[in-house]
Amino acid sequence: MREIVIGAAQMGGIQKAESREAVVDRMLALLAQAAEAKCDLVVFPELALTTFFPRWWMEDQDEVDTWFETEMPGPATQPLFDAAKRHGIAMTFGYAEKTPEGRYFNTSILTDKSGTIVGKYRKVHLPGHSEYDHDRAFQHLEKRYFEPGDLGFPVWRNLDAWMGMCICNDRRWPEVYREMGLQGVELITLGYNTPSVNSQDSAEGLKERLYHSELSMTAGAYQNAAWVVGVAKGGDEDGHPLMAGSIIVDPNGFVVARAKTEGDELVVHACDMDLCAFGKRTIFDFARHRRVEHYGRITGQTGVILPNEAG
Ligand code: CDV
């Protein structure tokens with residue numbers, strides 16, 4: 001048995017006016033709870049340090065930059081790393097990253113139990129748009145403020161397991177899980193900020209949104225025989241409702257633990273990494289069963305080409 005006690009640290013809404021220090025205090029409280037619960041790993045959401053700022057239209061780059069971290073850890077986040085090290089808990093959280101070269105990414109990092117960063121992932125699938133969209137109920141400007149991640153989908157050996165990360169919209173794309181599955185991933189962690197309604201279809205509300213989120217993560221877990229831990233930022237952010245619904249999914253695709261609230265809440269489950277082995281050596285033994293000679297379109301083509309349009 002290779003058990004990792006995981007704390008899915010869901011966070012309630014973060015208001016625009018809330019300081020990094022105030023948010024880090026909330027994260028420290030969740031870390032303290034995780035220490036009480038004897039967690040080995042705590043998973044925080046996407047853009048955990050701030051409000052989901054891509055919903056706001058900004059033209060002034062100096063203003064945009066105020067949402068980004070130029071160092072990790074920095075002065076506001078150092079207390080998190082100190083506490084994680086003191087408790088002996090590995091952690092992962094998302095933040096907006098501005099590199100020394102002036103590039104902007106939606107990023108998450110993974111630490112070991114000593115608070116050392118062992119992995120970094122930059123969000124590949126950026127949803128939304130880059131110009132103001134008058135037809136939407138609210139904006140989703142990730143394509144304006146970030147560039148697509150340039151690190152692929154690596155996995156790392158941490159806590160005696162193969163771990164990988166993705167971020168929010170990535171969880172809806174099967175290629176993401178399979179990229180990591182092909183590297184033997186046993187645990188995929190991800191954070192998300194998902195509005196409770198579809199900005200382009202008011203008929204798609206909370207129930208449907210939760211269903212799609214869970215459908216994507218349970219399928220990714222099952223089809224790659226890996227644990228998936230999806231952690232939300234939920235609740236209200238300056239009048240904008242975010243879907244909660246954090247879950248821990250086992251390698252058979254079953255939800256074994258879920259959040260009960262839309263606020264700051266730690267969902268704990270002891271996850272045995274050895275449970276991945278059965279699926280990986282039977283129905284999803286990729287080496288025996290995959291037929292790559294038929295998968296060329298997956299990497300050779302982006303959009304749909306109807307058969308009668310193919311050249
Ligand atoms: N932050 C996100 O990536 N949100 C998207 C919304 C816009 C659909 C998501 O996939 O949850």
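In each ligand, atom 1 is the first atom listed, and ligand 1 is the first ligand listed. In this text, all values refer to a predicted model and were calculated from it rather than measured experimentally.
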Apply salt bridge (Lys or Arg N to Asp or Glu O under 4.0 Å) to Arg290 and Asp285, showing your working. CA-CA 8 Å; Arg290 292 181 80 240; Asp285 179 348; over 6 Å; no
Cation-pi geometry met for Arg171 and Tyr192 (6.0 Å, 45°): yes
Close approach of Glu142 to ligand 1, heavy atoms, under 4.0 angstrom: yes
Yes or no: does His125 have any heavy atom under 4.0 Å from an atom of ligand 1? no
Close N or O approach (Arg209, ligand 1; < 3.5 Å): no
Would you mind listing which atoms of ligand 1 come within a distance below 4.0 Å of any non-hydrogen atom of Asn169? 3 (O), 9 (C), 10 (O)
Per-atom contacts of ligand 1 with Glu46, taking only distances under 4.0 Å to non-hydrogen atoms: 1 (N)
At a non-hydrogen distance cut-off of under 4.0 Å, which region of Phe52 contacts ligand 1 (side chain, backbone, both, or neither)? side chain
Contact partition for Lys123 relative to ligand 1, non-hydrogen atoms under 4.0 Å: side chain
Result for side chain to side chain contact (heavy atoms under 4.5 Å, CB included) between Ile89 and one of Val5, Asp40, Val42 points to Val42
How far is [atom] from its nearest protein heavy atom, and which residue and atom name does that atom have?
atom: atom 11 (O) of ligand 1; answer: Thr194 OG1, 2.6 Å
atom: atom 2 (C) of ligand 1; answer: Cys168 SG, 2.8 Å
atom: atom 7 (C) of ligand 1; answer: His140 CE1, 3.2 Å
atom: atom 10 (O) of ligand 1; answer: Arg172 NE, 2.7 Å

